[in-house]
Amino acid sequence: MIASVFWLVCTIAVYLLSKRLYRKYTRIYLTPLIVTPAVLLVAIALLKVPYPTYERGAGLLSDLVGPATIALAVTLYKHVKEMKRNAGAIIVSVCFGAVAAVLTTVGLSRLFGLSAPIADSLAPRSATTPIAMSISSHIGGLPTITAVATLVTGIMSMIMGPLVVKAFRIRTPLARGVLFGTSSHSSGVSKALEYDDATGSIAAIAMMVTAFVTLLAAPWVTSWL
Amino acid sequence: MKVKALFATVIQVAFFILLSKGADAIAKWLNLPIPGTILGILVLFALLELKVIKLDWIELGSKWLLAEMLLFFIPATVGIVNYKSLVVHQGVAIAIVILCSTFAVMLCSGLMGQWFSAKQRSERP
């Protein structure tokens, strides 16, 4: 019991410290997204703590995933004007990207001999984490693998995205926004905001549309392939 | 003022927790093919659009939840310790799949978006 409370407090403390660290030294490998789980994994390994002990306490935080996901409705509401202006273009672009995500993931997983549950866990990883996790458990994946895969996707896209934008001369806010929002959820949105507000808004909308398209497409594509 | 804002945030977060529990229960009860959280998003969005709920009433709570969202995923991420052998044996393959697939997604959506932009520009006089 005490150990569980300790790990809850510990998780929050490491998170707050890594956020402060990132504010001071803004390097991509210092993002709390990487640092917090890494520090906790090392701590658990060194102290030989069984995961259930950790989960009993820190798992309370997982209960806030649902409420935070629903808070995305506010994001949707705030950007709905942007959506109405470009609805067709955004939806079509996102559909292409989101379906490509599921198709290429399942195809490549086959090619590399990964098992079906792993492929199903990786398939929804372009959607925002909470939604990706619930899609994953819907189609027979493992939500934890999905959570990690989604995180890895976010980190990769923060590095790769700007390179793709440059190499393929993606210039408009619409194109950049859908590129980041469709490929890499909230990490992509924060990267898109570095270009300008319009790009950020499109990315936020693209992220939400991606969640819905993935929700509809993933079960269908994974069972069909 | 600060205490007031803190208080409002706590109440609003409590509202989101209740909404989430309610949406989950309803989705399960009606056997909906979508997760409860998606139902919650749709319902809340509709209520905002219909002006049943004002943005002011829930903005602080939503801001806090979205800003700290990362914290809520940490326990799930740490759960990777349960899959040590998977990471050791297939981690590289998984990373390559994610890398290639993410690149494909960026090209598909980005080039499609670029095409639409070009089309919009040529349609405007």
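- Heavy-atom minimum distance, A:A68 versus B:M69: CB-SD, 3.7 Å.
- Between chain A and the options B:C108, B:P75, B:A95, the largest number of non-hydrogen pairs under 4.5 Å is found for B:P75.
- Contact count against chain A (heavy-atom pairs under 4.5 Å) is highest for B:V78 among B:V78, B:I94, B:I80.
- B:E49 contributes no side-chain N or O that, together with a main-chain N or O of A:V80, makes up a donor-acceptor pair within less than 3.5 Å.
- Between chain A and the options B:T102, B:L39, B:L47, B:L71, the largest number of non-hydrogen pairs under 4.5 Å is found for B:L71.
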- Query: How far apart are the C-alpha atoms of B:L55 and A:K78, what are their side-chain angles, what is the distance that settles it, and do they pass the side chain to side chain contact (heavy atoms under 4.5 Å, CB included) test?
  - Reply: CA-CA 9 Å; B:L55 186 56; A:K78 281 185 179 165; 4.0 Å; yes
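- Interface remark: B:L18 contributes no atoms to any contact with chain A (heavy atom separation under 4.5 Å).
- For the pair A:P32/B:L70, a side-chain contact is recorded, criterion being any heavy-atom separation below 4.5 Å from C-beta on.
- The line from CD1 of A:I70 to CG of B:L42 is 10.0 Å long, rounded to the nearest 0.5 Å.
- Taking A:R125, A:E55, A:M208, A:M133 one by one and counting their heavy-atom pairs under 4.5 Å with chain B, the maximum is reached by A:R125.
- Atom CZ of B:F45 has more than 12 heavy atoms from other residues, nucleotides or ligands within 6.0 Å.
- The contact between B:A67 and chain A is made entirely by backbone atoms, counting heavy-atom distances below 4.5 Å.
- Contacts between A:P143 and chain B at a heavy-atom distance below 4.5 Å are absent for every atom of the residue.
- Rounded to the nearest 0.5 Å, atoms OG (A:S157) and CZ (B:F103) are 13.0 Å apart.
- Contacts with chain B were tallied for A:I135, A:V152, A:L60, A:I145; A:I145 has the most, counting heavy-atom pairs under 4.5 Å.
- To the nearest 0.5 angstrom, A:I131 atom CD1 is 4.0 Å from B:I41 atom CD1.
- Proximity to chain B (any heavy atom under 4.5 Å) is restricted, for A:I44, to the side chain, taken from C-beta onward.
- For the pair B:P35 and A:L215, the minimum side-chain heavy-atom distance is below 4.5 Å.
- In this structure, the portion of A:V164 lying under 4.5 Å from any heavy atom of chain B is its side chain and not its backbone.
- Of the listed residues A:A100, A:A89, A:G107, A:G66, the one with more heavy-atom pairs under 4.5 angstrom with chain B than any other is A:A89.
- In this structure, the side chains of A:Y15 and B:E68 come closer than 4.5 Å at one or more pairs of heavy atoms.
- Listed options A:L76, A:L216, A:V92 were ranked by heavy-atom pairs under 4.5 angstrom with chain B; first place goes to A:L76.
- Note: A:S62 OG to B:I74 CD1 = 10.0 Å, rounded to the nearest 0.5 Å.
- When each of A:L64, A:V99, A:L108 is checked for heavy-atom pairs under 4.5 Å with chain B, A:L64 comes out on top.
- With a threshold of 4.5 angstrom between heavy atoms, A:I170 approaches chain B through its backbone and through its side chain.
- Looking at A:L33, the atoms closer than 4.5 Å to chain B (heavy atoms on both sides) sit in the backbone and in the side chain alike.
- Only the side chain of A:A147 has a heavy atom closer than 4.5 Å to any heavy atom of chain B.
- Heavy-atom distances place both the backbone and the side chain of B:L99 under 4.5 Å from chain A.
- There is no contact between B:F15 and chain A, counting heavy-atom distances below 4.5 Å.
- Proximity to chain B involves both the backbone and the side chain of A:Y77, based on heavy atoms less than 4.5 angstrom apart.
- Annotation: maximal heavy-atom pairing with chain A below 4.5 Å, among B:N82, B:L111, B:I96, B:V87, occurs at B:N82.
- Between B:L65 and A:P67 the shortest heavy-atom distance is CD1-O, 3.7 Å.
- Atom OG1 of A:T69 and atom CD1 of B:I38 lie 8.0 Å apart (nearest 0.5 Å).
- There is a side-chain donor-acceptor pair under 3.5 Å between A:T105 and B:S101.
- Taking each heavy atom of B:T77 and A:V148 in turn, the nearest pair found is O-CG2, 3.9 Å.
- For A:L40, the part lying under 4.5 angstrom from a heavy atom of chain B is the side chain only.
- Atom OH of B:Y83 sits about 4.5 Å away from atom CG of A:L142, to the nearest 0.5 Å.
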- Task: Please lay out, stage by stage, how B:S117 and A:T172 fare under the test side chain to side chain donor-acceptor pair (under 3.5 Å).
- Result: CA-CA 7 Å; B:S117 297; A:T172 61; 2.7 Å; yes
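- Contacts of A:I118 with chain B are made by side-chain atoms alone, with heavy-atom separations under 4.5 Å and no backbone atom involved.
- Looking at A:L151, only its side chain comes within 4.5 Å of chain B, counting heavy atoms on both sides.
- Of the listed residues (A:L174, A:L103, A:I202), the greatest number of heavy-atom pairs within a distance under 4.5 Å of chain B belongs to A:L174.
- In this structure, the side chains of B:M112 and A:V94 stay at 4.5 Å or more apart for every pair of heavy atoms.
- Nearest heavy atoms, B:V105 versus A:S183: CG1-CA, 3.7 Å.
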